[in-house]
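Please see the structure below; I have some questions.
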Amino acid sequence: MTDPATVLAEALPEGLGGYAAGTYLTGRGSVIEVRYPATGELLTTWRDIGAEGAIAAVDAAAAAVRPWQEAGPFGRAEALRRLAVLIRESAARLATLETATAGKPLRDTRVEVARAAEFFDYYAGWADKITGQTLPVPGPWLTYTRRVPYGVIGLLTPWNAPLFTAAWNAAAALACGNTVVLKPSEFTPATTLVLARLAEEAGLPPGALSVACGLGETVGQALVADPRVRKVAFIGSVATGRAVATAAASRGVPALLELGGKSANIVFADADLDTAVNGVLAAIFAGAGQSCVAGSRLLVEAEVHDEFVAEVVRRAALLKVGDPLDPDVEIGPIANARQYSRVCELVEQALSEGAVRVSVPGARDLASGGFWVEPTVLDRVSPDNAVARTEVFGPVLAVSTFTDEADAIRQANDTDFGLAGAVWTSSVERAHRVADAVRAGTFWINAYKTIHVAAPFGGFGDSGWGRSSGPDVLGEYTQAKAVWVPTSPYVAPFPSLRAH
Ligand code: NAD
């Protein structure tokens, strides 16, 4: 079996820190540990690069703005396509590195690396198609718009899908002509550092994709406060997202927020229940529930509740839980000790508030010392139970019943979040009614979790604002400039000047 410490040492012999314009930035701040989530084994330690490291990364990204804009749309497209090729060539190494540090099963990280390459390909395709408009206006004018990039974008990412979330927004921001300073989660900086090296190898100007690693309160805050950062994109929790957006707004800079969710998976009695059970399991247990779109609330029609929940539990026991570096494993551990404690506390709180744990049978041979939470099904969850309202971000399914369509919609919308959701039914009419009525940025009918870079993604309510994929994102990373040209001799508005 692959040894995670060796994987990390081989991928990044210089250690962890920052990377800007061909230079590794080492820090002198707090010591940060990297542990293998499956066993808790300490893989390495490194030091926060602090505010001065963040500033050095912004220096490099700011210096790269001009050459990157001078590369022009076709030059940028070519470089981003080369980056996609290099990611594919490094796919096996990147996936193993991601699994070793984030604990996500190899079968998932392989997909995420392939998606990262796809993001760069997709936005390379857009780079030379970002156009303005010619606008009819009254009078003798040719008026047209151009889409202008911001300059340096500060991009802060979480630990649950480090390379995926980094590539997702960086690809679009770069294609639009911006440069990017990435601040990965302190728990999982490794693959983001490799990405920055590959970007330079692909021919992006040195510094165009810089990385600043460290804690949120040091590196993250310094990045958001830097006057050269003209827009902030944040992917993470609601509380931090609000703090980051407030800090950005305090100096007049916009923020794109991709935050958490508490998405409802609604199952009607008339659904293909066999397929729906698999959909419910995939929605909550993939990635051990550490997914922003996790279907963490199951709302099931009362008349089929007992048989449906029994089947969910029976099949949950079939899922292959184990060492994430084993390519057959489907569910790994929680990614870090902090999150592990949070999940355990929320389950205890839910039980104390009246939820009933339905035990998933089958003893599993899991490594001791790791951050393991077994697939957990909590039934009879009342609307005010903590587990019905709070994002757990773990393999914990909260089950409630509903009586009819109106009740299902009311319960689905009884949340501050609005990221995703799904309905399972054989009625076409009902499917579209429910899809229309549930407040969520992404909604599936008789399916769950499929997303693609070609379609917009983002949240309503506490789940954030702005959109992070599809063509919509081009408006996030550029601003319109209107240019006015008179098509007959210019006449000043002062009559006294007309004779001169
Ligand atoms: P988090 O909010 O703790 O951290 C996110 C990033 O912000 C990290 O890089 C962190 O170091 C940094 N940060 C923390 N405090 C900061 C501060 N004061 N100033 C600047 N930066 C700061 O989130 P997390 O625990 O890493 O990630 C889990 C969350 O991410 C979940 O809520 C999940 O739903 C969300 N998420 C959302 C999406 C989406 O697209 N909507 C995708 C993935 C994850």
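Every value quoted in this text rests on a predicted model; they were computed, and no experiment measured them. Remember, it's 1-based here, ligands and their atoms both numbered in the order they're listed.
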Can you confirm whether the side chains of E200 and Y19 place a donor and an acceptor under 3.5 Å from each other?
yes
Distance under 4.0 Å to a non-hydrogen atom of W168: what atoms of ligand 1 satisfy this?
40 (O)
Atoms of ligand 1, numbered as shown, that sit under 4.0 Å from any heavy atom of Q221:
18 (N), 19 (N), 20 (C)
Under a 4.5 Å cut-off applied to non-hydrogen side-chain atoms, are N278 and R315 in contact?
yes
W159 N/O under 3.5 Å from ligand 1 N/O:
yes
Which one of N169, V244, L259 has a non-hydrogen atom at the shortest distance from atom 37 (C) of ligand 1?
L259
The protein heavy atom nearest to atom 28 (C) of ligand 1 is F393 CE2, 3.7 Å
Taking non-hydrogen atoms only, is E391 closer than 4.0 angstrom to ligand 1 via side chain, backbone, both or neither?
side chain
List every atom of ligand 1 that sits less than 4.0 Å from any heavy atom of G260, numbering the atoms from 1 in the order shown and giving each element.
32 (O), 34 (O)
Per-atom contacts of ligand 1 with F234, taking only distances under 4.0 Å to non-hydrogen atoms
2 (O), 5 (C), 6 (C), 7 (O)
Does S463 use its side chain to pair, donor to acceptor, with the backbone of G461 at less than 3.5 Å?
no
Are R197 and Y24 linked by a side-chain donor-acceptor pair shorter than 3.5 Å?
yes
Is a donor on one side and an acceptor on the other found under 3.5 Å between the side chain of Q339 and the backbone of V392?
yes
If the contact criterion is a heavy-atom separation under 4.0 Å, does P184 count as touching ligand 1?
yes
Would you call F393 and R342 a side-chain contact if the rule is heavy atoms closer than 4.5 Å?
no
Give the residue and atom name of whichever protein heavy atom lies nearest to atom 27 (O) of ligand 1, and the separation in Å to one decimal.
P158 CB, 3.1 Å
the protein heavy atom lying closest to atom 8 (C) of ligand 1 turns out to be T157 O, 3.3 Å
Is a side-chain N or O of K262 found less than 3.5 angstrom from the main chain of A388, in a donor-acceptor match?
no
Distance-only donor-acceptor check, side chains S30 and D48, under 3.5 Å
no
Element-labelled atoms of ligand 1 that are located less than 4.0 Å from some non-hydrogen atom of G220:
20 (C), 21 (N)
Donor-acceptor pair, side chain of Q349 and main chain of A386, under 3.5 angstrom:
no
For atom 35 (C) of ligand 1, find the nearest protein heavy atom and state the residue, atom name and distance (0.1 Å precision).
G236 O, 3.2 Å
What do you reckon, is CD of E52 surrounded by more than 12 foreign heavy atoms closer than 6.0 Å?
no
Region of A243 that comes within reach of ligand 1 [heavy atoms, distance under 4.0 Å]:
neither
I'd like to check which ligand 1 atoms, numbered from 1 as shown, lie under 4.0 Å from a non-hydrogen atom of F457.
40 (O)
In ligand 1, which numbered atoms sit nearer than 4.0 Å to a non-hydrogen atom of R338?
3 (O), 25 (O)
Write out the residue and atom name of the closest protein heavy atom to atom 13 (N) of ligand 1, then the distance separating them to 0.1 Å.
G216 CA, 3.4 Å
Would you call R297-D414 a salt bridge at under 4.0 Å N-O?
no
Once you restrict to heavy atoms under 4.0 Å, what part of L156 touches ligand 1? Side chain, backbone, both or neither.
side chain
Does some non-hydrogen atom of S185 fall short of 4.0 Å from ligand 1?
yes
Could you tell me whether a side-chain N or O of T109 sits under 3.5 Å from a main-chain N or O of A95, the two making a donor and an acceptor?
yes
Between W168 and F164, what is the ring plane arrangement, given parallel below 30°, perpendicular above 60°, and tilted in between?
tilted
Validation row: V194, R93 side chains within 4.5 angstrom (heavy atoms):
yes
Are the side chain of N178 and the backbone N or O of Y150 linked by a donor-acceptor pair below 3.5 Å?
yes
May I ask you to identify, for R242, whether its side chain, its backbone, both or neither come under 4.0 Å of ligand 1 on a heavy-atom basis?
neither
Give a yes or no on this: more than 12 heavy atoms of other residues, nucleotides or ligands lie within 6.0 Å of atom CZ of R380.
no
Just heavy atoms, cut-off under 4.0 Å: does F164 contact ligand 1 by side chain, backbone, both, or neither?
neither
Does only the side chain of F187 get under 4.0 Å from ligand 1, or the backbone, or both, or neither? Count heavy atoms.
neither
Counting from 1 in the order shown, the ligand 1 atoms closer than 4.0 Å to a non-hydrogen atom of N160 are 43 (C), 44 (C)
Using a 4.0 Å heavy-atom threshold (strictly under), name the region of L223 that reaches ligand 1: side chain, backbone, both or neither.
neither
For atom 2 (O) of ligand 1, which protein heavy atom lies nearest, and how many Å away is it?
S237 OG, 2.6 Å
Just need the protein heavy atom nearest to atom 15 (N) of ligand 1, so name the residue and atom and give the distance.
T240 CG2, 3.2 Å
Where is the nearest protein heavy atom to atom 39 (C) of ligand 1: which residue, which atom, and how far?
C292 SG, 3.4 Å
